[in-house]
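See structure below.
By convention in this document, chain letters (A, B, ...) are assigned in the order of the sequence lines, proteins followed by strands, and residues within each chain are numbered from 1. Values below: every heavy atom of this structure, side chains too, minus hydrogens, waters and symmetry copies. The structure presented is a predicted model; accordingly, all values stated were derived computationally and were not measured.
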Amino acid sequence: RYLANALVDMYGKCGSLEDALAVYSTIHCPNIFSTTILINVYINHCQIHNARQLFDARPLGGDIVLWNIMIQAYYRDGQMRRGKAIFDKCPHWDVVSWNAMITAYAQTGHVLEAEELFEKMLERDVVSWNAIMQVYAYDGRVHSVRRAFEKMPQWDVVSWTAAVGGHASEGHLEEAVFLFRKMPQRNVVSWNLMLDAHAQEGHVELAKTIFDKMPEHDVVSWTAMLIAFASNGYVQEAWSIFKQSARRD
RNA sequence: AUCCGUUUAUGGGA
């Protein structure tokens with residue numbers, strides 16, 4: 001069953017709802033993990049209705065993860081009111097429930113509500129802080145981003161990247177670079193961000209320098225570099241990036 | 001010792 005669960009998950013993530021369902025149906029006594037995974041698969045295939053049916057049929061006292069998933073499902077589908085209703089009906093909340101709700105508000109532009117929730121939280125984890133930084137960034141409030149970043153008790157690479165991004169997107173490139181240099185570790189996302197931040201400011205050559213320096217490239221790096229060249233009239237260079245990226249596969 | 005599921009960061013497009 002352990003293995004079957006993983007299979008359902010895998011098929012779901014590879015985009016094959018049918019295969020996921022086929023495997024699920026062979027599980028004789030699906031446990032809470034099986035159900036959770038399948039609900040998630042439905043949601044990722046935009047089948048909220050089916051997800052909801054499974055949710056409603058959940059075993060008694062079905063755990064908080066199921067609730068959290070439904071919150072997320074509704075807001076992603078633009079049904080904030082239903083999402084909030086689920087949140088309000090939760091038997092109890094864990095930090096993920098709060099974080100999910102904050103993010104839901106943030107991504108639908110309900111900045112005030114997001115902040116309120118954040119203030120109400122008793123136990124915040126690094127994700128809560130990262131999420132609220134994102135809220136401020138979305139709202140264009142660099143100083144709030146900065147304050148939150150300095151106030152939070154712990155940082156991970158997402159926190160750092162969000163802080164860099166919060167500065168960069170408001171045109172504070174120097175500060176963004178400063179933070180980027182101070183990062184204890186960087187991943188491809190942080191590099192991509194730096195690359196694009198320079199490109200956005202029209203510093204295409206610098207962007208290329210960053211591109212060359214980064215330890216690995218993904219499809220975002222290639223696309224960002226390509227667009228940077230192309231939209232600034234560097235036709236040759238754009239073409240060259242394109243060819244290189246094609247060859248890479 | 002962590003170790004099956006849910007929340008947060010980067011580009012383009014639709």
Side-chain angles (χ1 to χ4, degrees), chain A residues 1-10 12-13 27 30-41 43-44 51 55 62-73 75-76 83 86-87 90 93-107 114 117-118 121 124-138 145 148-149 152 155-169 176 179-180 183 186-200 207 210-211 214 217-228 230-231 241-242 245:
Chain A
R1 188 167 62 190
Y2 189 95
L3 194 66
N5 285 348
L7 255 183
V8 174
D9 198 28
M10 189 196 81
K13 283 173 180 157
I27 304 178
N31 62 8
I32 189 71
F33 294 111
S34 328
T35 307
T36 311
I37 292 169
L38 187 62
I39 290 186
N40 220 13
V41 170
I43 288 167
N44 292 330
F55 175 77
D63 76 6
I64 185 67
V65 172
L66 289 176
W67 293 83
N68 294 344
I69 290 178
M70 290 310 293
I71 294 174
Q72 192 204 3
Y75 97 75
R76 280 197 192 160
I86 296 280
F87 180 81
C90 281
W93 297 272
D94 68 2
V95 66
V96 174
S97 328
W98 289 89
N99 293 345
M101 201 61 222
I102 290 177
T103 306
Y105 276 138
Q107 303 199 349
L117 269 195
F118 180 79
M121 286 183 80
R124 302 167 183 142
D125 66 3
V126 66
V127 173
S128 326
W129 284 97
N130 294 346
I132 202 67
M133 273 203 289
Q134 207 48 30
V135 171
Y136 296 142
Y138 170 93
V145 171
F149 182 70
M152 58 195 293
W155 302 266
D156 61 11
V157 66
V158 175
S159 326
W160 280 94
T161 311
V164 171
H167 286 81
S169 65
L179 285 170
F180 180 77
M183 289 180 74
R186 309 172 184 93
N187 61 16
V188 66
V189 175
S190 8
W191 281 100
N192 288 344
L193 172 59
M194 249 317 79
L195 157 54
D196 189 59
H198 283 85
Q200 295 295 335
I210 293 167
F211 183 86
M214 40 194 304
H217 302 113
D218 64 6
V219 62
V220 174
S221 333
W222 289 100
T223 312
M225 196 65 248
L226 176 65
I227 298 294
S231 58
I241 288 291
F242 178 74
S245 70

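Annotation: cation-pi geometry not satisfied between A:Arg186 and A:Trp160 (NZ/CZ under 6.0 angstrom from ring centroid, within 45° of ring axis).
Between A:Ile241 and A:Trp222 the shortest side-chain heavy-atom distance falls below 4.5 Å.
Of the possible donor and acceptor atoms, none in the side chain of A:Asn40 sits under 3.5 Å from a partner among the backbone N and O of A:Thr36. Side-chain atoms of A:Asp196 do not come within 3.5 Å of backbone N or O of A:Asn192 as any donor-acceptor pair.
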Contact letters for nucleotides 7-14 of chain B, in which S counts primed atoms plus P, OP1 and OP2 and B counts the base, heavy atoms under 4.0 Å: BBBBBS--
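Residue A:Asp63 contributes atom CG, which lies 12 Å from atom P of B:U6 at whole-angstrom precision. For the pair A:Ile27 CD1 and B:C4 C1', the computed distance is 11 Å after rounding to whole Å. Remark: P of B:C4 and CG of A:Leu66 are 17 Å apart, rounded to the nearest angstrom. When the C1' atom of B:U6 is taken as reference, atom CG of A:Asn68 falls 6 Å away, rounded to whole Å.
There is no side-chain donor-acceptor pair under 3.5 Å between A:Asn130 and A:Asn99.
The distance between the ring centers of A:Phe211 and A:Trp191 does not fall below 6.0 angstrom. Aromatic ring centres of A:Phe149 and A:Trp129: separated by at least 6.0 Å.
For A:Thr103, the side-chain contact (heavy atoms from CB on, under 4.5 Å) criterion is met by A:Tyr75, A:Gln107, A:Ala131, not counting sequence neighbours.
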How does RNA chain B read in dot-bracket, base by base from 5' to 3', with Watson-Crick or G-U pairs under 3.5 Å and | used when the partner is on another strand? ..............
